[in-house]
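Note sheet for the following structure.
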There are 2 protein chains.
Amino acid sequence: MREEKEKLILESAAEEFARFGFEGASIANIAKRAKIPRPNLHYYFSSKRKLYEHILFNTLQLWNSAFDGVSAADDPTIAISKYVRAKVMYSKTNPKASKIFASEIIHGGSNLSNFLQNDYRIWLREKTSIIREWADNGQMDPVDPHHLMFMIWGATQFYADFSVQVEKGLERDADDEEFEKVADTITQIILKGCGIIRK
Amino acid sequence: MREEKEKLILESAAEEFARFGFEGASIANIAKRAKIPRPNLHYYFSSKRKLYEHILFNTLQLWNSAFDGVSAADDPTIAISKYVRAKVMYSKTNPKASKIFASEIIHGGSNLSNFLQNDYRIWLREKTSIIREWADNGQMDPVDPHHLMFMIWGATQFYADFSVQVEKGLERDADDEEFEKVADTITQIILKGCGIIRK
DNA sequence: GTCTATAGTTAGATAGAC
DNA sequence: GTCTATCTAACTATAGAC
């Protein structure tokens, strides 16, 4: 019962925070979305900040878990294809989470300083060293690993964070088929651009 | 005199909006930054919204003017190199403008609907048709032009909008040299990845 | 043109009855 | 656990003296 209500509130809050950002979001609106009276919300989450932190934390868990299974032993073609596809599909499936995270980072990321200082660095060191190994083994061109990662992030997240620009630019809705094409296009350019594949 | 003060206010406001977003920014803080009393600010800009719109408009002008000189006659190698470099350097020089724009788009872009419906579409149609021509002429692989543009935007803007993530990830400051490397890396991957260059 | 004082409004949070 | 009524703080905006 309690769990269900909390989930409902969190869902409504994610919607609101993604749409308006932390300051722009209002407790009144979140309560309205969840169809409960304002003070009732305070019973479950003591403050707006707490609610926001809860959602950021959920977002991070999703982020952390979604992109793990890549190791150095893997072939770079397979590993990068998988990773790019996972990121693109994450943009399709979780645009709200991506937007909340993006907005937080853009505005300084002060609520994520702990994550950025620890988990994030460790995760990135791990991945960049795998890329470095691939380059050392001659499996790809000697591309700067950090900038390759940033390029993949920027390219894939764009479809969640800047969905307005994507849809206005395409002059059509971005359906499932379109997202397949996105994954294919980005994968192709990255793999060929890094000298991992020839064609 | 009036012009100078307005410029000072706009500068302070850009700083504040980039840092906190529209709702998060406060007139009091902007006035403090500009070192003038609050009500004085209202003398120059009647409302917070007007001030914000002014800044968005400036941002768009900058955006529009910075990336024009590319035509179909140009060699794709030169045109894309120039464009990517211009975008990366824009991220280095104007991170605030980029962040304000990004935050606006992420949160729905309602203040940009006019721009997105008109100038933006026209501009993008022009550029995508140039790319299509290049592909038709066999000067590059048949890559979807829209997704190529989005990829370039995502990759290059990342360094402005997500600068926190970049700096924490690199574990060092992003200096001029680093931005040169960024431009080189992105250019290389895009050109080679699209079959424009071989090496 | 500038600034002090203040009006008006919104929104986050709580008290206390049910 | 739920909800009505209310408190309090913050912030935009304006009136009006200088």
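In what follows, chains carry the letters A, B, and so on, assigned in the order in which the sequence lines appear, proteins first and then strands, with residues in each chain numbered from 1.
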Could you walk me through whether B/Tyr44 and B/His54 pass the ring-ring contact (aromatic ring centres under 6.0 Å, His included) test, one step at a time? CA-CA 12 Å; B/Tyr44 292 98; B/His54 219 281; over 10 Å; no
Does A/Asn114 CG have over 12 foreign heavy atoms under 6.0 Å away? no
Spacing of A/Leu51 atom CG relative to C/dG12 atom P, expressed in whole Å: 11 Å
Under 4.0 Å from any heavy atom of chain B: name the first and the last nucleotide of DNA chain D that qualifies, 5' to 3'. D/dT12 to D/dT14
Students often get this wrong, so: under 4.0 angstrom with heavy atoms, is A/Lys5 touching a base, only sugar-phosphate, or nothing? sugar-phosphate
Can you name the residues that form a side-chain hydrogen bond (donor to acceptor under 3.5 Å, both in side chains) with A/Thr156, not counting sequence neighbours? none
Determine, stepwise, if the pair A/Arg172 / A/Glu178 fulfils salt bridge (Lys or Arg N to Asp or Glu O under 4.0 Å). CA-CA 10 Å; A/Arg172 62 178 180 272; A/Glu178 196 73 50; 2.9 Å; yes
I would like to know whether A/Asp144 and B/Thr185 meet side-chain hydrogen bond (donor to acceptor under 3.5 Å, both in side chains); could you show each step before the answer? CA-CA 7 Å; A/Asp144 183 288; B/Thr185 304; over 6 Å; no
Send over the distance from A/Arg49 CZ to C/dA11 P, rounded to a whole Å. 18 Å
In numerical order, the residues of residues 17-44 of chain B whose heavy atoms come under 4.0 Å of DNA chain C are B/Pro37, B/Pro39, B/Asn40, B/Tyr43, B/Tyr44
Ranges pairing with ranges for DNA chain D, where each run has three or more Watson-Crick or G-U pairs under 3.5 Å: C:1-18 with D:1-18
Checking B/Ile30, B/Ile27, B/Leu41 against B/Lys48 for side-chain contact (heavy atoms from CB on, under 4.5 Å), the one that qualifies is B/Ile27
Checking A/Tyr120 now: which residues fulfil side-chain hydrogen bond (donor to acceptor under 3.5 Å, both in side chains) with it, not counting sequence neighbours? none
B/His147-A/Tyr159 aromatic ring centre distance below 6.0 Å: yes
Contacts of A/Asp136 meeting side-chain hydrogen bond (donor to acceptor under 3.5 Å, both in side chains) (sequence neighbours excluded), chain-then-number -> none
For the CZ atom on A/Arg38, are there more than 12 heavy atoms of other groups (residues, nucleotides or ligands in this structure) within a distance under 6.0 Å? no
